[in-house]
Novice: 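Dropping a structure here in structure tokens format, bear with me for questions.
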Amino acid sequence: MARVVQGPEVLDAAEVLDAAQWRARADAHAARADALTAGHRARRARGEAHPVEDFLYTYYPTRPSRLRRWHPGAGVVLADADERATWRHYTRDARGVRVDDATLRDERAATIAFVAGLLRATSGRPAQLGCFGLHEWAMVYRDGQTRHPVPLRLGAAGTDAVVEAHRIRCSHYDAFRFFTADAAPRNAVSPTRERQVELEQPGCLHAGMDLYKWADKLGPLVPGELLLDAFTLARDIRVLDMRASPYDLADHGYAPVPIETPEGKAEYAAAQRGFADRGAAIRARLLAVC
């Protein structure tokens, strides 16, 4: 059952949404989530895999049903919301039902502290735009296998040649840990989980995608609209990530960003800067939640 909370300090600080307001937001959120996940849900029903979008549901294991559930975030009271009174992490006060942020912050104190520290450190650094997505190339370098059942655009030898012609500067541990044994020593840095806060930078595509992961880990403290903004950013970044990869995705409708050419590098860096700007806004909103 929801915990009953009373006290002027709680009531005075809270924004109150009447039933029409919050139900409209919840309905709009569900419709937006359904549109964002429609392709994945249809493919899943047919048993089809997708080399680009499946990443959003495997590496980030959030179900579409969970994405469509709207939360108002901390500090918002929902009037006439009795059906939510028994929801996990919700509580009732004199004006309605709201997220039990006090209990949530206690339960997830370590997570919140880590996320806040990481986001704050990342936001305080300039965006580095010279990596050109070579992490995906390093994941197949001198390896007889690929990570996706699609062909390499330049073939194995051509892919290896691109890696060997560039200086790899991947700062993100969760990309670096998938480098092949031959590729890892070619990286300019040696990311580890322990160095994540030290190395994370806002131009990194994976750091931008991970904003969705952090929003998800903060749970109902995050307004639903912010969660979907982070998910949308992750989805859009993932498309660039794979278009710039060594894979030939033409059969899936994706034109390559040929980062082995000057034109491809320029296209990649411009898109990367745009994602860094979008990520900065979402990062600031998540920091406010923390």
Side-chain angles (χ1 to χ4, degrees), residues 50-56 58-60 122 125-143 145-180 182-191 196 199-213 232-250 252-280:
H50 195 280
V52 178
E53 290 195 12
D54 284 357
F55 178 83
L56 300 171
T58 54
Y59 181 76
Y60 303 117
T122 306
R125 299 186 178 110
Q128 303 296 320
L129 307 178
C131 68
F132 305 121
L134 284 161
H135 56 274
E136 286 287 344
W137 300 70
M139 293 178 191
V140 296
Y141 178 64
R142 293 186 177 177
D143 197 333
Q145 297 182 339
T146 60
R147 297 179 58 80
H148 303 285
V150 290
L152 296 173
R153 183 167 54 84
L154 303 179
T159 299
D160 292 348
V162 170
V163 172
E164 291 164 359
H166 290 80
R167 182 169 179 259
I168 307 175
R169 289 174 286 183
C170 179
S171 60
H172 198 276
Y173 173 70
D174 283 317
F176 176 73
R177 66 190 176 97
F178 292 107
F179 280 26
T180 65
D182 286 333
R186 306 182 71 91
N187 202 34
V189 293
S190 297
Q196 186 171 6
L199 295 177
E200 198 104 315
Q201 59 93 8
C204 171
L205 294 194
H206 277 262
M209 284 191 285
D210 277 356
L211 292 171
Y212 166 58
K213 175 169 70 175
T232 301
L233 177 63
R235 186 195 62 171
D236 294 347
I237 290 176
R238 175 62 177 172
V239 170
L240 175 65
D241 197 33
M242 291 302 288
R243 288 181 61 210
S245 78
Y247 296 103
D248 184 351
L249 297 167
H252 293 273
Y254 298 99
V257 176
I259 56 91
E260 70 276 12
T261 69
E263 296 77 14
K265 286 181 172 64
E267 181 180 358
Y268 183 92
Q272 190 178 21
R273 184 175 295 281
F275 288 137
D277 290 342
R278 286 173 61 185

Novice: Report yes if some heavy atom in the side chain of Phe275 is under 4.5 Å from a heavy atom in the side chain of Asp241; otherwise report no.
Specialist: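 No. Closest side-chain heavy atoms not under 4.5 Å.
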Novice: Please list all pairs meeting salt bridge (charged side-chain N to carboxylate O under 4.0 Å, His left out) that have one or both residues in residues 148-160, counting only residues at least two apart or in different chains.
Specialist: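 Passing the test, one end in residues 148-160: Arg153-Glu260.
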Novice: Who are the ring pair (Phe, Tyr, Trp, His ring centres under 6.0 Å) partners of Phe179, not counting sequence neighbours?
Specialist: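 For Phe179, the residues satisfying ring pair (Phe, Tyr, Trp, His ring centres under 6.0 Å) (neighbours in sequence not counted) are Phe176.
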Novice: Indicate yes or no: at least one non-hydrogen side-chain atom of Glu53 is less than 4.5 angstrom from one of His252.
Specialist: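 In short, these two side chains do not touch, never coming nearer than 4.5 Å.
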Novice: Other residues, nucleotides and ligands only: do more than 12 of their heavy atoms fall within 6.0 Å of CZ on Arg273?
Specialist: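 Open: at most 12 neighbouring heavy atoms sit under 6.0 Å from CZ of Arg273.
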Novice: Is there a donor-acceptor pair closer than 3.5 Å between any side-chain N or O of Asn187 and the backbone N or O of Cys170?
Specialist: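 Yes.
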Novice: Just so I know, are the side chains of Val162 and Leu134 near enough to count as touching, which here means a heavy-atom distance under 4.5 Å?
Specialist: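 Val162 vs Leu134: side chains touch.
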Novice: Compare all side-chain heavy atoms of Arg243 with those of Leu249 and state whether any distance is below 4.5 angstrom.
Specialist: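 No - every pair of side-chain heavy atoms lies 4.5 Å or more apart.
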Novice: Does any non-hydrogen side-chain atom of Ser171 lie less than 4.5 Å from one of Gln128?
Specialist: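 Of all side-chain heavy-atom pairs linking Ser171 with Gln128, none is under 4.5 Å.
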Novice: Side chains of Phe55 and Met209: does their closest heavy-atom pair fall under 4.5 Å?
Specialist: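 In short, these two side chains touch, coming nearer than 4.5 Å.
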Novice: Do the non-hydrogen side-chain atoms of Tyr212 and Leu233 ever get within less than 4.5 Å of each other?
Specialist: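 They are not in side-chain contact.
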Novice: State, with a plain yes or no, whether a side-chain heavy atom of Glu136 is found less than 4.5 Å away from one of Pro246.
Specialist: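 Side chain of Glu136 against side chain of Pro246, heavy atoms only: contact under 4.5 Å found.
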Novice: Using 30° and 60° as the class boundaries, would you call the ring planes of His206 and His135 parallel, tilted or perpendicular?
Specialist: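 The arrangement is perpendicular - the two ring planes meet at more than 60°.
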